[in-house]
Amino acid sequence: MSSQPTPPSPLPSPYRALREPGVLRRDILASLVVFLVALPLCVGVAVASGVPAELGLVTGIVGGIVVGFLPGSALQVSGPAAGLTVLVFEAVREFGLPMLGAIVLLTGLFQVTLGLLRCGRWFRAISVSVVQGMLAGIGLVLIFGQLYTMAGAEQPRSGLDKITGLPGLLVDTVQDTTALTAAALGLGTIAVLVLWPKLPAAARVVPAPLAAVALATAVTAGFRLDVANVSVRGMIDAVQPPGLSQLADLGGMAVLGTVLAFTLIASAESLFSAAAVDRMHDGPRTQYDKELVAQGVGNTVCGVLGALPMTAVIVRSSANVQAGARTPLSRILHGVWLLLFAVLLPAALGIIPLAALAGVLVHAGCKLIPVKEIVPLARAHRGEAVVLGVTAIAIVVTNMFEGVVLGLVLAVVKSAWDTSHVHVAVRELTDGRLVVTLTGNATFLRLPRILETLEAMPKDRPIELDLTAVRHLDHACRTTLENWALRHNDSDTEAVRMKTAPVAGS
């Protein structure tokens, strides 16, 4: 007797695990954990970016409810990220808050286009050292900038000014009771974040960022501390879609440079986060092109609403996986909880002290710096460590876009240098002829070394240049060698002979 075929599940494939016992309950609990992690970070990133706190919640809501429904990565969670804080802050200061929505909108459209053109996998080819350097640079600028916010002072404009102004900030803080109180509150918040993971498991049920902000808020209220709190405008007033004038300004070169920086950094961070999340679970793997489209759709919606740009965020994503999530339902529900909070309890934002949020972001900035990986990287791959360090320093000294571009260029040059190994050998035959043999990849990067040997050869001896063992000979190198062969020997000596073979790529 043949068994009856199993009827097809009415649920889409990413959600079929919900039919298993206990999965629905675990996904709901995971969504609550992610919500509690995301809430203080959404608000903190918004405040640090120089925009209304509500806009951070809007981006978190879109990241959960919109991106959560789209295919790509099943378990990673999107929202406003500390990695874009510095760039957003600079963009708002240079172009104004109304322009932010237009920039994010165009960023989203670029990401969708790149995803449809199947460019998602190419973002995985970006050097890990560049990405780590980018995050380290962002972390440094974030730390230096938030130290000013933590003391209730205005941030200097450039990264160098933030660094050079720290001694003066310290003196002013010690002399001002209000600033000293705010700084102590921020330092206390950082202490809670550092110590929280060492507490018993029962206490760690509450996520560390939420616990730190809640304790700082309770201390502020209990002791009636005179510190600045988050400014609340209301969701409707905060959401300002870009107008036609802002859309028309998107053609400016400065604006387009910012859009390209947003696109590159948001896409790279999201796809690197997806690769990291895939290593945390054994469920469906990320479809990178679809994930890039999903991030683009999310940023397009955020742009229409005038909100912050979004990326996939590793902190929320790892919390989602560690809480036992199995399907995208958990990240969708976390967006629902953020929406309900924004609608029902918006006034609760107004009691959060700014110094506490600054402390959360200083801690987040420290985690962006790969301190534990720098020394092993320098020992094993010194060139990669140089790329990381130069990228980070360039971001601090110049800006995000120029620093990342410099890092990418340096990574490409390093790769070209590493692959252009060439060996130059000279031997003398019994008839007095000198044979110069080149092996490996002869490119313009190795010309100084090659010419140093060739130009030291005597001009009154027969010379043969053997290129048959060269795997790759670029045009610049071939032309230079041909010119050397024509001109090197004296007029009364046999001309230099070149022995070549057909070489791929020559």
Side-chain angles (χ1 to χ4, degrees), residues 119 122-131 133 260 264 377-394 397-398 401-506:
C119 295
W122 292 107
F123 278 91
R124 301 175 68 191
I126 296 176
S127 168
V128 175
S129 297
V130 175
V131 175
L260 290 176
L264 173 65
L377 183 65
R379 289 174 178 170
H381 305 284
R382 186 174 300 174
E384 296 293 339
V386 170
V387 173
L388 189 157
V390 170
T391 303
I393 293 171
V397 173
T398 58
F401 183 69
E402 293 178 9
V404 171
V405 169
L406 178 60
L408 290 172
V409 171
L410 191 60
V412 171
V413 171
K414 176 191 173 296
S415 179
W417 178 264
D418 289 344
T419 57
S420 64
H421 289 295
V422 66
H423 178 68
V424 185
V426 180
R427 72 181 190 277
E428 183 176 358
L429 302 182
T430 55
D431 62 355
R433 182 181 300 275
L434 298 174
V435 179
V436 183
T437 303
L438 269 62
T439 56
N441 298 309
T443 70
F444 71 95
L445 292 172
R446 299 294 180 171
L447 271 176
R449 179 187 174 189
I450 296 171
L451 289 174
E452 182 179 356
T453 301
L454 294 179
E455 290 172 351
M457 302 295 293
K459 298 186 178 184
D460 57 354
R461 300 275 296 276
I463 299 174
E464 180 180 309
L465 183 58
D466 185 358
L467 305 177
T468 56
V470 174
R471 292 191 298 271
H472 174 79
L473 182 66
D474 70 10
H475 177 71
C477 199
R478 174 184 285 277
T479 302
T480 304
L481 294 179
E482 289 174 348
N483 290 335
W484 172 84
L486 288 172
R487 295 178 172 83
H488 180 75
N489 275 5
D490 294 333
S491 57
D492 57 349
T493 305
E494 181 183 340
V496 175
R497 291 195 300 169
M498 289 183 63
K499 187 178 178 182
T500 62
V503 179
S506 64

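Note that these values count all heavy atoms, side chains included, but never hydrogens, waters or copies made by symmetry. These numbers were taken from a predicted model, which means no experiment stands behind them.
Shown here for E384 and S129, the closest heavy-atom pair between the two residues is OE1-OG, 2.5 Å. Here the closest non-hydrogen pair linking G403 and A394 is CA-CB, 3.8 Å. The two residues R461 and N489 have their closest heavy-atom pair at O-ND2, 3.2 Å. Closest non-hydrogen pair, G407 versus T391, comes out as CA-OG1, 3.2 Å. For P458 against I463, the heavy-atom pair with the smallest separation is O-CD1, 3.5 Å.
Annotation: the span from H472 atom NE2 to H421 atom NE2 amounts to 14.0 Å, rounded to 0.5 Å. Rounding to the nearest 0.5 Å places CG of L467 at 8.0 Å from SG of C477. One finds the NE2 atom of H475 at 9.0 Å from the OG1 atom of T480 (value rounded to the nearest 0.5 Å). Annotation: the span from D466 atom CG to T500 atom OG1 amounts to 9.5 Å, rounded to 0.5 Å. In this structure, CG on L481 lies 12.5 Å from NE2 on H488, to the nearest 0.5 angstrom. To the nearest 0.5 Å, the span separating CG on L465 from CE on M457 amounts to 9.5 Å.
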What's the verdict on side chain to side chain contact (heavy atoms under 4.5 Å, CB included) for V405 and L264, showing C-alpha distance, side-chain angles and the deciding distance?
CA-CA 10 Å; V405 169; L264 173 65; 5.7 Å; no
Decide yes or no on side chain to side chain contact (heavy atoms under 4.5 Å, CB included) for R433 and R497, but give the supporting numbers first.
CA-CA 11 Å; R433 182 181 300 275; R497 291 195 300 169; 3.6 Å; yes
Worked verdict on V387 versus K414 for side chain to side chain contact (heavy atoms under 4.5 Å, CB included):
CA-CA 8 Å; V387 173; K414 176 191 173 296; 4.1 Å; yes
I'd like a table of donor-acceptor pairs (distance under 3.5 Å, sequence neighbours excluded) in which one partner is a side-chain atom from residues 438-449, with atom names and distances.
residue	atom	partner	partner atom	Å
N441	ND2	T419	O	2.6
T443	OG1	L445	N	3.4
R446	NE	S420	O	2.7
R446	NE	S420	OG	3.3
R446	NH2	W417	O	2.9
R449	NH1	V422	O	2.8

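Side-chain contact between V424 and L454: absent, with no pair of heavy atoms (C-beta onward) separated by less than 4.5 Å. For the pair V390 and L406, the minimum side-chain heavy-atom distance is below 4.5 Å.
Taking a 6.0 Å sphere around NE2 of H381, one finds it holds 12 or fewer heavy atoms contributed by other residues, nucleotides or ligands. When the shell of 6.0 Å around CD of E428 is examined, it contains more than 12 heavy atoms from other residues, nucleotides or ligands.
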